[in-house]
Asks: 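Take a look at the following structure, please.
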Amino acid sequence: MSHSHSHAPGENHSHSHGPQPPPQQQRPMPAPPDPAIQALIDAQYDLVDLKVDGSMVRCGSHNTVVCKKCNLDFLRLTQLATILTQNPNIVVPPPSNMNLVNKNLSTMVKKIKEEGNSNFKAGQFDQVVIRYTIAANRAQSRAPWEPNGVLREEVSTILANRSASFAGCHDYISALADAEAVVEMRKNWPKAYLRKAKALRGLEELEEALDALAIGLSFEPENKA
């Protein structure tokens, strides 16, 4: 609570009787580094002319990520910067070798996919869809620094199988959606177009089904099946 009153003619003072915010504490200035220790640290590093543009790190002289003229390679640093920029809430820091693959996750995805394959052979298409959906979700939980090719191959294979399962349940719209997603991921994979053709045939879109088959065969012309 605050109020104003006059102490003298023409002089006003404002007083506050409510709770006051605590005074801000100034952070102590860090002590300067020990010159001898700093000299030892500096001796371990070489000054490099570089340019930083967003998450891209380039040679300052030649504007390239990998500069053979200066014997500089900023590829891994750029990859790391890109990952951290695109994933601001990342908890686990990327490993030094960003080509590592989570083998435990690969084993788990393969196991769930094989369970779905067994259901498919038994004609249990509703269970197949469930297992393949779980497998796809697990595959997509890979860390962002794992190779994109691993995720693309896993998910595309799973969705191609799920497309066949949807077709087995006569849900041709879902079968077509999965097939088109696979085509986007692996444009030169004949099986993707076969799945699309089967879904289109189920929807009685025969001309489009033939077009999809023709595209698929163009990637595998020796296939007479």
Side-chain angles (χ1 to χ4, degrees), residues 29-111 113 135-161 178-196 214-223:
M29 293 295 293
D34 182 278
I37 296 178
Q38 187 64 49
L40 289 173
I41 294 174
D42 292 343
Q44 299 178 35
Y45 297 93
D46 296 323
L47 291 177
V48 173
D49 182 18
L50 58 82
K51 182 189 301 183
V52 179
D53 180 14
S55 59
M56 298 293 293
V57 184
R58 299 184 176 94
C59 169
S61 301
H62 303 98
N63 201 34
T64 56
V65 175
V66 179
C67 182
K68 294 183 178 179
K69 293 182 179 179
C70 298
N71 195 27
L72 297 174
D73 187 345
F74 298 118
L75 182 58
R76 285 194 175 185
L77 185 58
T78 296
Q79 290 174 337
L80 176 60
T82 302
I83 288 171
L84 295 176
T85 301
Q86 296 177 349
N87 301 272
N89 298 320
I90 194 168
V91 177
V92 180
S96 57
N97 180 5
M98 288 186 286
N99 290 320
L100 289 176
V101 176
N102 187 335
K103 294 183 179 180
N104 290 335
L105 182 58
S106 298
T107 301
M108 183 186 303
V109 170
K110 182 179 179 181
K111 181 177 182 296
K113 186 175 68 174
N137 290 338
R138 292 291 175 85
Q140 292 180 82
S141 70
R142 287 194 177 280
W145 56 78
E146 293 190 55
N148 289 333
V150 175
L151 175 62
R152 182 168 57 248
E153 184 173 347
E154 281 182 340
V155 175
S156 61
T157 301
I158 293 167
L159 292 186
N161 291 351
D178 273 355
E180 289 184 332
V182 177
V183 168
E184 285 299 313
M185 285 185 279
R186 297 172 68 179
K187 295 184 183 297
N188 60 347
W189 192 28
K191 182 178 283 188
Y193 297 93
L194 174 62
R195 295 288 185 258
K196 183 175 181 178
I215 296 173
L217 287 173
S218 69
F219 296 110
E220 200 175 51
E222 69 278 3
N223 190 341

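This structure is a prediction, so every number in the text was calculated from the model and none was measured.
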Asks: Quick one: pull up CG in Asp73 and SG in Cys59 and give me the separation to the nearest 0.5 Å.
Replies: 11.5 Å
Asks: Let me confirm one number: the CG-CD distance from Leu105 to Glu154, rounded to the nearest 0.5 Å.
Replies: 6.5 Å
Asks: Quick check: closest heavy atoms across Asp49 and Ser61, and the distance to 0.1 Å?
Replies: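 Distance-wise, the nearest heavy atoms are OD2-OG, 3.2 Å.
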Asks: State, yes or no, whether a side-chain contact exists between Val52 and Phe74 at a heavy-atom distance under 4.5 Å.
Replies: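 In short, these two side chains do not touch, never coming nearer than 4.5 Å.
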Asks: Measure the shortest side-chain to side-chain distance between Arg58 and Thr64 over non-hydrogen atoms and say whether it is less than 4.5 angstrom.
Replies: no
Asks: Quick one: does Ile215's side chain get under 4.5 Å of Lys196's, heavy atoms only?
Replies: no
Asks: What distance do Met185 atom CE and Asn148 atom CG have between them, rounded to the nearest 0.5 Å?
Replies: 12.5 Å
Asks: Should Val101 and Arg142 count as side-chain neighbours, where that means a heavy-atom distance under 4.5 Å?
Replies: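 Yes, their side chains come closer than 4.5 Å.
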Asks: Which value, rounded to the nearest 0.5 Å, describes the distance between Met108 atom CE and Arg138 atom CZ?
Replies: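 Met108 atom CE to Arg138 atom CZ measures 5.0 Å (nearest 0.5 Å).
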Asks: Check whether Arg195 reaches the backbone of Ala160 with its side chain - one donor and one acceptor, N or O, closer than 3.5 Å.
Replies: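 Yes: the side chain of Arg195 pairs with the backbone of Ala160.
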Asks: Out of curiosity, Glu146 CD to Asn102 CG, how far, rounded to the nearest 0.5 Å?
Replies: 5.5 Å
Asks: When you look at CG of Asn71, are more than 12 heavy atoms from neighbouring residues, nucleotides or ligands closer to it than 6.0 Å?
Replies: no
Asks: Measure the spacing between OH of Tyr193 and CZ of Arg186 and express it to the nearest 0.5 Å.
Replies: 11.5 Å
Asks: Step through the shown structure and confirm whether more than 12 heavy atoms of other residues, nucleotides or ligands are within 6.0 Å of CD on Glu180.
Replies: yes
Asks: Which heavy atom in Ala192 sits nearest to a heavy atom in Val183, and how many Å separate them?
Replies: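 Closest heavy-atom pair between Ala192 and Val183: CB-CG2, 3.8 Å.
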